[in-house]
Enquirer: 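One structure, pasted below without further comment.
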Amino acid sequence: MTQARRKGVLNDASHEDVRHRSWPVALLPFGATEPHNTHLPYGTDTILGSEVAARVAAHCIAAGTNVMALPAVPFGVNTTQLDLPFTINVMPSTQLALLRDVIRSLEPHGVRALVLLNAHGGNELRALVRELQPSTPIMLAIVNWWQAADHATFEQAGDHAGELETAAIMHVAPHLVAPDRHTWGDGRSNPSTLEGVRRGVAWMPRRWTQATVDTGVGDPRAATAENGAAFVAQAVVRITAFCCELAVADPSSLWAPAP
């Protein structure tokens, strides 16, 4: 089957597609390469980030706002999962250098805003934006795509390869989900031995092989493709609305006095 070229997806676009248009907003998906329980692919975060970005770009273009979905960054911060085979880690300092170069590449071409579309919980991108925003006229924003829609869609959304992520991949890439649910791990996680961490007084990074049984956090077994489709659709609508706002926003008036 031949797949049509997707509008607003840079990987699919030709020079002719982009050179005669203005592109006020760009989306940069940040993914990861790591295990996702026993039933989801290592590329789960990158796949979902890329697909959400493509759908948002298409919705924005249909609404009259040109938004470009950039190629996804396939590696994330995974410093506490390196004892799991083929987990690929990049340091936050590496992400900072990469993002700085991407921004400099976009600045001469009329991009007014860059949305970092995060799909991996280990990517703490706020510090990067705080460091880079003063040195660029491009407005920088972060959207964690999985937080853009209502978790009430699920019995237990889960934290990593749980019901939410599993449902989303079942909708977006069902061929990559292990077909036999009996082989899926139940996503049990182990509590911290430190009371302060358990109570939320303190935070520490989780050593994945200590904190999880099957690398998942959250039971995925109630997931359905239908719930995944509904959740992704709602996230896309909300992120689309934000991108359309950004396209016409005045950088000098992003906060207004309360009435």
Enquirer: Calculate, to the nearest 0.5 Å, the distance between atoms CD and CG belonging to Glu51 and Leu48 respectively.
Expert: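 Spacing of CD (Glu51) from CG (Leu48) equals 8.5 Å.
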Enquirer: Please report the interatomic distance CG(Leu27) to OG(Ser50), rounded to the nearest 0.5 Å.
Expert: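 Spacing of CG (Leu27) from OG (Ser50) equals 11.0 Å.
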Enquirer: Got a donor-acceptor contact below 3.5 angstrom from the Ser253 side chain to the Asp250 backbone?
Expert: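 Pair absent, no side-chain N/O of Ser253 close to backbone of Asp250.
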Enquirer: Side-chain heavy atoms under 4.5 angstrom apart, residues restricted to Ile, Leu, Val, Met, Phe, Trp, Tyr: same cluster for Leu28 and Ile239?
Expert: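 Not linked; separate clusters.
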Enquirer: So, for Asn11 and Pro71, which heavy atoms are closest and what is the spacing to 0.1 Å?
Expert: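 Heavy atoms only, the tightest pair is OD1-CG, 3.5 Å.
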Enquirer: I'd like to know if the side chain of Gln156 pairs up with that of Asp219 as donor and acceptor (distance under 3.5 Å, no hydrogens or angles considered).
Expert: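 Asp219 and Gln156 do not have a side-chain donor-acceptor pair below 3.5 Å.
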Enquirer: Begin with the C-alpha distance, continue with both residues' side-chain angles, and end with the deciding distance and a verdict on side chain to side chain contact (heavy atoms under 4.5 Å, CB included) for Ile142 and Val115.
Expert: CA-CA 6 Å; Ile142 300 167; Val115 177; over 6 Å; no
Enquirer: Pairs in or reaching into residues 177-219: which pass ring pair (Phe, Tyr, Trp, His ring centres under 6.0 Å), with residues at least two apart or in two chains?
Expert: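 Ring pair (Phe, Tyr, Trp, His ring centres under 6.0 Å) check on residues 177-219 returns His39-Trp184, His160-Trp208.
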Enquirer: Do the side chains of Leu70 and Val9 join up, straight or via other hydrophobic residues, at under 4.5 Å, putting them in one cluster?
Expert: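 Each belongs to a different hydrophobic cluster.
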Enquirer: Let's go through Val77 and Glu124 carefully: what are the C-alpha distance in whole Å and the side-chain angles of both, what is the deciding distance for side chain to side chain contact (heavy atoms under 4.5 Å, CB included) to 0.1 Å, and is it a yes or a no?
Expert: CA-CA 8 Å; Val77 177; Glu124 298 284 354; over 6 Å; no
Enquirer: Should Leu106 and Met68 count as side-chain neighbours, where that means a heavy-atom distance under 4.5 Å?
Expert: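 A side-chain contact is absent here, since even the closest heavy-atom pair is not under 4.5 Å.
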Enquirer: Got a donor-acceptor contact below 3.5 angstrom from the Asp214 side chain to the Asn37 backbone?
Expert: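 No; judged by distance alone, with no hydrogens or angles, the pair does not exist.
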Enquirer: If you look at every heavy atom in Glu107 and Pro137, which pair is closest and at what distance?
Expert: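 Smallest interatomic distance, heavy atoms only, reads OE2-CD, 3.6 Å.
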Enquirer: Do Pro74 and Tyr42 come within less than 4.5 Å of each other through their side chains, counting heavy atoms only?
Expert: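 No, their side chains stay 4.5 Å or more apart.
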Enquirer: Hey, what do you get for CD (Glu131) to CG (Leu96), rounding to the nearest 0.5 Å?
Expert: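 Answer for the CD-CG pair, Glu131 versus Leu96, is 4.5 Å.
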Enquirer: Any side-chain to backbone donor/acceptor pair from Thr166 onto Gly162? Under 3.5 Å, distance only.
Expert: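 Side chain of Thr166 to backbone of Gly162, a donor-acceptor pair under 3.5 Å: yes, one is there.
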Enquirer: Give the cluster check for Leu125 versus Leu117: same hydrophobic cluster or not, with ILVMFWY residues linked at side-chain heavy-atom distances below 4.5 Å.
Expert: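 No, Leu125 does not connect to Leu117 through the hydrophobic network.
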Enquirer: Checking side chain to side chain contact (heavy atoms under 4.5 Å, CB included) for the pair Val217/Arg206: CA distance, chi angles, key distance, verdict?
Expert: CA-CA 11 Å; Val217 179; Arg206 292 175 288 187; 4.1 Å; yes
Enquirer: Which heavy atom in His36 sits nearest to a heavy atom in Thr215, and how many Å separate them?
Expert: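 For His36 versus Thr215, the nearest heavy atoms are C-OG1, 3.8 Å.
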Enquirer: In the structure I gave you, are the side-chain heavy atoms of Val56 and His59 within less than 4.5 Å of one another anywhere?
Expert: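 No, their side chains stay 4.5 Å or more apart.
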Enquirer: What heavy-atom pair brings Arg112 and Leu246 nearest, and what distance separates the two atoms?
Expert: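 Answer, listing the atom of Arg112 first, then Leu246: NH1-O, 3.3 Å.
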Enquirer: Taking CZ in Arg198 as the centre, count heavy atoms belonging to other residues, nucleotides or ligands within less than 6.0 Å. Is the count above 12?
Expert: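 Atom CZ in Arg198 is crowded, with more than 12 foreign heavy atoms closer than 6.0 Å.
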Enquirer: Shortest non-hydrogen contact from Cys60 to Thr240?
Expert: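 What the structure gives for the nearest pair is SG-CG2, 3.6 Å.
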Enquirer: Cluster question for you: counting only ILVMFWY and a side-chain heavy-atom cut-off of under 4.5 Å, with indirect links fine, are Met139 and Leu99 together?
Expert: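 Different clusters: Met139 never reaches Leu99 through Ile, Leu, Val, Met, Phe, Trp or Tyr contacts under 4.5 Å.
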Enquirer: Quick one: CG on Leu132 to CD1 on Ile103, what's the gap to the nearest 0.5 Å?
Expert: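 One gets 4.5 Å once the value is rounded to the nearest 0.5 Å.
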Enquirer: Flag yes if more than 12 heavy atoms outside Arg19 fall under 6.0 Å of its CZ atom; otherwise flag no.
Expert: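 More than 12 within 6.0 Å, yes.
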Enquirer: Can you tell me if Arg181 has over 12 outside heavy atoms packed within less than 6.0 Å of its CZ?
Expert: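 Atom CZ in Arg181 is crowded, with more than 12 foreign heavy atoms closer than 6.0 Å.
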Enquirer: Report the distance from atom CG of Asn78 to atom CD of Glu34, rounding to the nearest 0.5 Å.
Expert: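 One finds 4.5 Å between CG of Asn78 and CD of Glu34.
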Enquirer: Quick one: does any side-chain atom of Asp159 pair with a main-chain N or O of Gly218 as donor and acceptor, under 3.5 Å?
Expert: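 Pair absent, no side-chain N/O of Asp159 close to backbone of Gly218.
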Enquirer: Using a 3.5 Å distance criterion without hydrogens, assess whether the side chain of Asp12 forms a donor-acceptor pair with backbone atoms of Lys7.
Expert: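 Judged by distance alone, no pair lies under 3.5 Å.
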Enquirer: So does Thr183 get a backbone contact from the side chain of Thr38, meaning a donor-acceptor N/O pair under 3.5 Å?
Expert: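 Yes; judged by distance alone, with no hydrogens or angles, the pair exists.
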Enquirer: Heavy atoms, side chains only, cut-off 4.5 Å: are Val143 and Leu116 in contact?
Expert: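 They are not in side-chain contact.
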Enquirer: Are the side chains of Thr46 and Pro29 in touch, meaning some heavy atoms are under 4.5 Å apart?
Expert: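 No. Closest side-chain heavy atoms not under 4.5 Å.
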Enquirer: Using side chain to side chain contact (heavy atoms under 4.5 Å, CB included), reason through Arg221 and Asp186 one step at a time and then give a plain yes or no.
Expert: CA-CA 7 Å; Arg221 291 173 294 184; Asp186 62 11; 3.3 Å; yes
Enquirer: When you measure from the side chain of Asn89 to the backbone N and O of Leu82, does any donor-acceptor pair fall under 3.5 Å?
Expert: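 Between the backbone of Leu82 and the side chain of Asn89 there is no qualifying donor-acceptor contact (under 3.5 Å).
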Enquirer: Test your reading of the model: is there a side-chain donor-acceptor pair from Ser192 to the backbone of Leu194, 3.5 Å cut-off?
Expert: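 Flag set: sc Ser192 to bb Leu194 pair under 3.5 Å.
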Enquirer: Going by distance alone, is a donor N or O of one side chain under 3.5 Å from an acceptor N or O of the other, for Asp83 and Thr209?
Expert: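 There is such a pair between these side chains.
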Enquirer: Is it true that Val232 and Val67 fall in one hydrophobic cluster, defined by side-chain heavy atoms closer than 4.5 Å?
Expert: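 Yes, it is one cluster - the side chains of Val232 and Val67 are joined through contacts under 4.5 Å.
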Enquirer: Hey, would you say the Phe231 and Trp145 ring centroids sit under 6.0 Å apart?
Expert: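 Judged by ring-centre distance (under 6.0 Å), Phe231 and Trp145 do meet the cut-off.
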Enquirer: Would one find more than 12 heavy atoms of other residues, nucleotides or ligands at under 6.0 Å from atom CD of Gln133?
Expert: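 Enclosed: over 12 neighbouring heavy atoms sit under 6.0 Å from CD of Gln133.
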Enquirer: Could you check if a side-chain atom of Glu165 sits within less than 4.5 angstrom of a side-chain atom of Asp45, using non-hydrogen atoms only?
Expert: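 Yes, at least one pair of side-chain atoms sits under 4.5 Å.
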Enquirer: Does Val18 offer a backbone N or O that forms a donor-acceptor pair with the side chain of Trp23 under 3.5 Å?
Expert: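 Yes, Trp23 side chain to Val18 backbone: donor-acceptor pair under 3.5 Å.
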Enquirer: Looking only at non-hydrogen atoms, find the nearest pair between His171 and Ala225 and report the distance.
Expert: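 Looking at all heavy atoms of both residues, the closest pair is CB-O, 3.7 Å.
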Enquirer: State the CG-CZ distance between Asp17 and Arg5, to the nearest 0.5 angstrom.
Expert: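 Between Asp17 CG and Arg5 CZ, I get 5.0 Å after rounding to 0.5 Å.
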